[in-house]
Amino acid sequence: MVFLEKILCIYFCKCVTSNNIDAPDQKSNASITDDEIVAECFLFFAAGYDTSATTLSYAAYELARQPDIQEKIRQEIKKVLEKYNNKMTYDGLGELVYAEKVIYETLRKYPLVPTISRVCTKAYKVPGSDLTIDKGTVVKISAMGLHMDAEYYRNPEVFNPDRFDGDGDIKKPDFTFLPFGEGPRICIALIVLQRTQNFQFIKT
Ligand code: HEM
């Protein structure tokens with residue numbers, strides 16, 4: 001809602017809201033047109049709908065193939081529902097630790113955006129090689145390639161949510177798990193998504 005609030009503020013009062021109490025909202029010349037609002041809404045729909053729905057389809061596919069994992073997730077949901085009088089609360093969703101690992105493992109094995117694209121903003125010499133990436137070159141980073149690399153994920157073809165345990169078998173340096181991209185353009189829905197996807201499990 002913070003995002004929507006910022007857009008409406010820019011539209012109606014040409015100010016930018018801040019979440020920082022030390023930096024009160026300021027009037028600015030910020031403006032947004034009707035077309036830009038429509039474009040933002042379309043982006044939310046395009047980026048948010050199919051990605052979430054298809055991830056859940058892959059999760060359901062893996063659960064159908066592995067009844068033991070399905071049962072484990074079911075027991076976890078039952079336990080948390082019992083704790084919260086059969087109502088799923090925000091806190092309850094946060095307690096679905098195993099369900100979250102199932103979502104992570106689904107995103108690892110089936111990253112909906114298999115390659116992340118960036119444009120090189122200045123010439124970059126790749127360390128340890130004589131390769132220089134020129135400014136303006138489009139660089140494609142293979143999330144799928146990283147996720148299926150046995151150097152980072154043992155037996156990468158096996159669907160194993162436990163690899164996301166603290167003590168799991170994952171050997172994960174930074175930037176080897178990229179279902180949501182990375183850096184300043186990382187998917188804006190990252191945090192909301194983990195809990196909403198857990199919620200979908202409960203409903204199904
Ligand atoms: C399983 C679900 C999702 C996956 C796997 C996913 C994945 C991604 C990826 C890989 C990117 C590109 C990040 C980068 O270039 O570094 C992205 C960007 C984006 N996503 Fe998601 N996404 C999901 C759900 C959503 C949802 C639910 C929304 C909105 C409600 C959303 C909104 C966006 C937006 C607006 C961007 C563009 C951010 C920018 O360019 O600054 N995504 N997403």
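Because only heavy atoms are used, hydrogens play no part in the values below, and waters and symmetry mates are left out as well, while side chains stay in. Both ligands and their constituent atoms are indexed starting at 1 by order of listing. Because the structure is predicted, anything quoted here is derived from the model rather than measured.
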* Inspect the surroundings of CG in Asp68 and state if more than 12 heavy atoms from other residues, nucleotides or ligands are less than 6.0 Å away. => yes
* **Under 3.5 Å: N/O of Thr55 near N/O of ligand 1** => no
* Asked: Can you hop from Phe177 to Ile141 via hydrophobic side chains spaced under 4.5 Å?
  -> yes
* Structure fact -> Taking only non-hydrogen atoms of Pro179 and a 4.0 Å limit, the atoms of ligand 1 in range are 5 (C), 7 (C), 10 (C)
* **Donor-acceptor pair, side chain of Glu82 and main chain of Lys79, under 3.5 angstrom** => no
* Asked: Taking heavy atoms and a distance under 4.0 Å, where does Glu182 meet ligand 1: side chain, backbone, both or neither?
  -> backbone
* **ligand 1 contact on Ile116 by region, counting heavy-atom pairs under 4.0 Å** => side chain
* To do: Give yes if a backbone or side-chain nitrogen or oxygen of Arg118 is under 3.5 Å from a nitrogen or oxygen of ligand 1, and no if not.
  => yes
* **Atoms in ligand 1 flagged as close to Arg185, the criterion being non-hydrogen separation under 4.0 Å** => 13 (C), 14 (C), 15 (O), 16 (O), 38 (C), 39 (C), 40 (O), 41 (O)
* **Atoms of ligand 1, numbered as shown, that sit under 4.0 Å from any heavy atom of Ile188** => 32 (C), 33 (C), 34 (C), 35 (C)
* Asked: So which pairs with a foot in residues 129-139 pass side-chain hydrogen bond (donor to acceptor under 3.5 Å, both in side chains), sequence neighbours left out?
  -> none
* Structure fact -> Per-atom filter on ligand 1: closer than 4.0 angstrom to a heavy atom of Ala189 are 25 (C), 26 (C), 27 (C), 28 (C), 31 (C), 42 (N)
* Is there a donor in the side chain of Glu71 and an acceptor in the side chain of Gln75, or the other way round, less than 3.5 Å apart? -> yes
* Is there a heavy atom in Glu40 that sits closer than 4.0 Å to ligand 1? -> no
* What atoms in ligand 1 come closer than 4.0 Å to a heavy atom of Gly181? -> 10 (C), 13 (C), 14 (C), 16 (O)
* Would you mind telling me if ligand 1 is within reach of the side chain of Cys187, the backbone, both or neither, using heavy atoms under 4.0 Å? => both
Return a table of donor-acceptor pairs under 3.5 angstrom between the side chains of residues 107-121 and protein atoms on other chains or two or more places apart.
| unit_1 | atom_1 | unit_2 | atom_2 | d |
| --- | --- | --- | --- | --- |
| Arg108 | NE | Glu105 | OE1 | 2.7 |
| Arg108 | NE | Glu105 | OE2 | 3.4 |
| Arg108 | NH1 | His147 | O | 2.9 |
| Arg108 | NH1 | Pro156 | O | 3.0 |
| Arg108 | NH2 | Glu105 | OE2 | 2.9 |
| Arg108 | NH2 | Pro156 | O | 2.8 |
| Arg108 | NH2 | Val158 | O | 3.2 |
| Lys109 | NZ | Glu62 | OE2 | 3.0 |
| Lys109 | NZ | Glu157 | O | 3.1 |
| Tyr110 | OH | Glu62 | OE2 | 2.4 |
| Ser117 | OG | Lys140 | NZ | 3.0 |
| Arg118 | NH2 | Glu182 | O | 2.9 |

* Tyr61 and Thr106: CA distance, side-chain angles, deciding distance, side-chain contact (heavy atoms from CB on, under 4.5 Å) verdict -> CA-CA 10 Å; Tyr61 167 69; Thr106 307; over 6 Å; no
* Asked: Which ligand 1 atoms does Leu43 reach within 4.0 Å, using its non-hydrogen atoms?
  -> 35 (C)
* To do: Answer yes or no: does atom NZ of Lys122 have more than 12 heavy-atom neighbours from other residues, nucleotides or ligands under 6.0 Å?
  => no
